[in-house]
Amino acid sequence: MASYRALCRLHLRGQGSFMTCVQKAHICVSRSVGTKVVATQAEDSGKDEREEKAGPKSLSAFLVERQEQAERSVLISCHPKTSEKKFLKYLSRHGDIKKHFFYDSYGTYAVVEFSTQDGVRSLLDAAVIPSVSHESAVPFKSRLLSLRTTGAVNQSDQQPGLQCRPQSTVPISELIQTLARQETVDQQIMCLTQAYQLTEENSRLRFLVCSLLKDIAAAYFPECTVKPFGSSVNGFGKLGCDLDMFLDLDDISGRDVQTPKSSLSVEYQMKRATSERAVTQSILSVIGECVDQFGPGCVGVQKILNARCPLVRFSHQPSGFQCDLTVNNRVALKSTELLYLYGLLDRRVRLLVFSVRCWARAHSLTSSIPGAWVTNFSLTVMVLFFLQRRSPPIIPPLDHLRQLAGPADRSVIEGNDCTFVSDFSKIQLQTNTETLEQLLNDFFEFYSTFPFGKMSINIRKGKEQNKPEVAPLHIQNPFETSLNVSKNVNSSQLERFVALCRESAWLLQQRDAPPAGAADGTPPAWGLATLLLPSQVGGVKSRRKRKREPASERIKSLLESLKSKNSPKNS
């Protein structure tokens with residue numbers, strides 16, 4: 001147990017510390033491209049260390065910080081053999097560069113953050129509108145730029161290639177091999193999370209895309225903001241996940257202003273609509289049209305206005321993100337904040353969620369296509385509920401967090417009580433020292449015997465309750481309590497989930513240590529890696545705890561059996 005806690009301290013000093021390690025590594029391996037860039041990176045690293053000691057940030061503080069970074073940033077398309085040193089030297093003429101990185105998405109791009117917005121304005125003032133003889137350009141100016149070279153390119157100015165940051169997860173086959181090389185299941189779980197979670201760079205890119213969309217919407221609503229929510233910011237996002245964002249109009253000045261005591265006052269004249277939904281549909285219709293006609297890099301725009309939550313869906317090619325834009329999605333933001341808080345209360349929460357989500361996708365229990373599958377949100381709530389049911393509980397129920405809330409935390413949205421504490425220091429957790437391996441195994445056992453037929457999952461109470469409706473799987477929405485977030489799941493999908501939980505628990509109990517490597521040096525799958533092999537899980541028919549033979553031995557035995565059946569009998 002002591003070694004487990006030491007390993008956690010070494011590898012997982014919170015979500016923020018892992019990002020700090022990434023930043024430090026980036027500083028160490030980066031070329032020396034000028035004292036201004038290196039100095040600002042070193043200062044920012046020291047700032048990260050100070051913030052880590054101060055404790056976790058609230059989601060609102062995290063959003064504000066990221067939005068400020070995005071406002072000081074530009075996105076530049078460049079040639080993959082561009083000289084990084086020359087590139088930064090040119091940009092430094094416009095202002096000190098605080099951060100930069102390169103990545104690939106339909107070409108090579110650079111995200112560059114200046115120390116102040118003056119640097120961005122100076123660079124935009126120097127940019128020109130492209131002229132092409134056979135077509136006309138829409139003269140919409142944004143912070144999405146292209147780097148152009150004038151005259152002949154000097155070969156000495158080029159380098160073999162820019163060091164691009166990964167923006168997608170490794171293939172599942174490569175991940176399985178990596179997991180098989182680990183010494184414990186706990187290490188496998190941590191390794192999977194580090195391979196799949198959003199990087200510092202990917203997080204910055206998501207906020208920059210939101211900021212670019214805000215520039216379009218600001219033509220109609222100058223004080224608006226566009227904020228990401230869901231997996232992009234709640235701490236459970238996987239590299240390559242969709243970018244969910246909403247147009248926030250609540251902070252526009254003039255709302256909820258007390259009428260002056262004088263006899264005269266003025267107010268804005270505005271269009272009226274029959275409902276807030278109608279207003280939302282009108283706004284999204286116009287913004288969607290602007291994104292389609294004027295938004296650089298935005299393709300495949302769909303205006304899905306009659307959905308329960310109207311949205312505009314499109315692909316942002318420069319970032320590679322599939323984007324969904326809604327308006328004033330306040331309940332979704334509170335759900336994001338709740339998951340963000342739970343993920344930072346205990347390190348094991350995020351680790352277990354990543355493992356379960358990866359396992360579910362490997363067995364097609366989840367899908368990016370809408371249907372009867374379990375969603376990632378439902379899976380996350382199931383993990384949270386399981387951790388609330390431990391003895392002692394690892395995380396508290398939502399009602400307990402509501403009791404700890406202060407006046408500033410009070411939040412009622414469309415009649416739904418969304419109040420819970422935001423100050424981490426007020427939350428006192430009980431001591432639970434269970435290992436990740438034990439929790440993963442018990443998660444599968446817990447849901448392999450859960451009475452889905454009559455009970456509902458409720459993280460607000462932290463205990464199961466009688467189902468209020470006839471549905472195969474009932475998971476109460478933590479805020480809109482009359483809703484079932486898993487209403488789409490049918491009986492056959494739930495049965496598959498239960499069967500896979502049962503067999504996965506059985507597989508995890510088969511070996512206590514990693515097996516010896518094969519003759520060719522390829523490590524055989526074991527532990528968590530075994531659970532990601534669909535053929536292994538699907539082929540298990542018995543729940544008895546028996547020693548599994550190597551796959552080659554089973555195949556050999558089967559061939560011998562078939563051979564003996566087909567051979568002529570001895571006279």
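Because the structure is a prediction, the values reported are computed rather than measured.
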Side chains of [X] and [Y] in contact at under 4.5 Å (non-hydrogen atoms):
{"X": "D324", "Y": "M245", "result": "no"}
{"X": "L528", "Y": "S355", "result": "yes"}
{"X": "Y109", "Y": "L75", "result": "yes"}
{"X": "K238", "Y": "S231", "result": "no"}
{"X": "H100", "Y": "V111", "result": "no"}
{"X": "S73", "Y": "V112", "result": "no"}
{"X": "K98", "Y": "F114", "result": "no"}
{"X": "T375", "Y": "T366", "result": "no"}

Write down the atom of [X], the atom of [Y], and the distance for their closest heavy-atom approach.
{"X": "I76", "Y": "S146", "result": "CG2-C, 4.3 Å"}
{"X": "R277", "Y": "A307", "result": "NH2-O, 2.8 Å"}
{"X": "C298", "Y": "V291", "result": "CB-CG1, 3.7 Å"}
{"X": "Q281", "Y": "L305", "result": "NE2-O, 2.8 Å"}
{"X": "L344", "Y": "P56", "result": "CD1-CB, 3.9 Å"}
{"X": "K214", "Y": "T225", "result": "CG-CA, 3.9 Å"}

Do [X] and [Y] have a side chain donor and acceptor closer than 3.5 Å?
{"X": "S203", "Y": "R66", "answer": "yes"}
{"X": "R357", "Y": "T380", "answer": "yes"}
{"X": "D242", "Y": "Q322", "answer": "no"}

Under 3.5 Å donor-acceptor, [X] side chain and [Y] backbone:
{"X": "R350", "Y": "G235", "value": "yes"}
{"X": "N488", "Y": "G371", "value": "yes"}
{"X": "S92", "Y": "L88", "value": "yes"}
{"X": "H79", "Y": "K81", "value": "yes"}
{"X": "S504", "Y": "C501", "value": "no"}
{"X": "D292", "Y": "G288", "value": "no"}
{"X": "W359", "Y": "L532", "value": "no"}
{"X": "T178", "Y": "E174", "value": "yes"}
{"X": "S105", "Y": "Q317", "value": "yes"}
{"X": "Q493", "Y": "W373", "value": "no"}

- Task: I would like to know whether F314 and L213 meet side-chain contact (heavy atoms from CB on, under 4.5 Å); could you show each step before the answer?
- Result: CA-CA 12 Å; F314 61 94; L213 262 293; 4.0 Å; yes
- Message: For the aromatic rings, using the six-membered ring if either is Trp, is the centroid distance between F443 and F386 under 6.0 Å?
- Response: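 Between F443 and F386, the centre distance is under 6.0 Å.
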- is_close_aromatic(F229, Y340), centroid dist under 6.0 Å: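 Ring-ring flag for F229/Y340: false, centres at least 6.0 Å apart.
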- Message: Restricting to side-chain contact (heavy atoms from CB on, under 4.5 Å), what partner residues turn up for A127, sequence neighbours left out?
- Response: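 side-chain contact (heavy atoms from CB on, under 4.5 Å) check on A127 returns L145.
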[X] side, atom [atom1]; [Y] side, atom [atom2] - distance, nearest 0.5 Å:
{"X": "I459", "Y": "L338", "atom1": "CD1", "atom2": "CG", "value": "5.5 Å"}
{"X": "L243", "Y": "L205", "atom1": "CG", "atom2": "CG", "value": "8.5 Å"}
{"X": "L208", "Y": "R72", "atom1": "CG", "atom2": "CZ", "value": "12.0 Å"}
{"X": "S378", "Y": "L473", "atom1": "OG", "atom2": "CG", "value": "6.5 Å"}
{"X": "L247", "Y": "T326", "atom1": "CG", "atom2": "OG1", "value": "8.5 Å"}
{"X": "D244", "Y": "L333", "atom1": "CG", "atom2": "CG", "value": "12.0 Å"}

- Message: Working note: K227 + C210, criterion side-chain contact (heavy atoms from CB on, under 4.5 Å); need CA distance, chi angles, decisive distance, verdict.
- Response: CA-CA 6 Å; K227 298 177 181 178; C210 289; over 6 Å; no
- Message: For a side chain to side chain donor-acceptor pair (under 3.5 Å) check, start with the C-alpha distance between H316 and S319, then their side-chain angles and the critical distance, and finish with the verdict.
- Response: CA-CA 6 Å; H316 188 257; S319 64; 2.8 Å; yes
- Task: Give a yes or no on whether a salt bridge exists between K334 and E337, defined as a side-chain N under 4.0 angstrom from a carboxylate O.
- Result: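 Yes, K334 and E337 are salt-bridged.
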- Message: Under 6.0 Å from the ring centre and within 45 degrees of the ring axis: does the NZ or CZ of R206 meet both conditions for the six-membered ring of F321?
- Response: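 Ring-cation test returns yes.
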- Can you check side chain to side chain donor-acceptor pair (under 3.5 Å) on S211 and R143, steps first, answer last? CA-CA 9 Å; S211 184; R143 283 173 289 141; 2.5 Å; yes
- Query: Under 6.0 Å from the CZ atom of F424, do we count more than 12 heavy atoms belonging to anything else shown?
  - Reply: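 More than 12 within 6.0 Å, yes.
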- Item | Crowding at CD, E223 (>12 non-hydrogen neighbours, <6.0 Å) |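 Yes, CD of E223 has more than 12 neighbouring heavy atoms, counting only those of other groups under 6.0 Å.
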- May I have the step-by-step check of side-chain contact (heavy atoms from CB on, under 4.5 Å) for S77 and T108, ending in yes or no? CA-CA 6 Å; S77 171; T108 301; over 6 Å; no
- Query: Can you list the steps and then say if L175 with Y196 is a side-chain contact (heavy atoms from CB on, under 4.5 Å)?
  - Reply: CA-CA 10 Å; L175 175 66; Y196 269 38; 3.5 Å; yes
- Give the ring-plane orientation class for Y103 versus F101, where under 30° counts as parallel, over 60° as perpendicular and anything between as tilted.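 Correct class here is tilted.
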- Stepwise salt bridge (Lys or Arg N to Asp or Glu O under 4.0 Å) check, E201 with K99: CA-CA 10 Å; E201 293 83 5; K99 291 277 187 181; over 6 Å; no
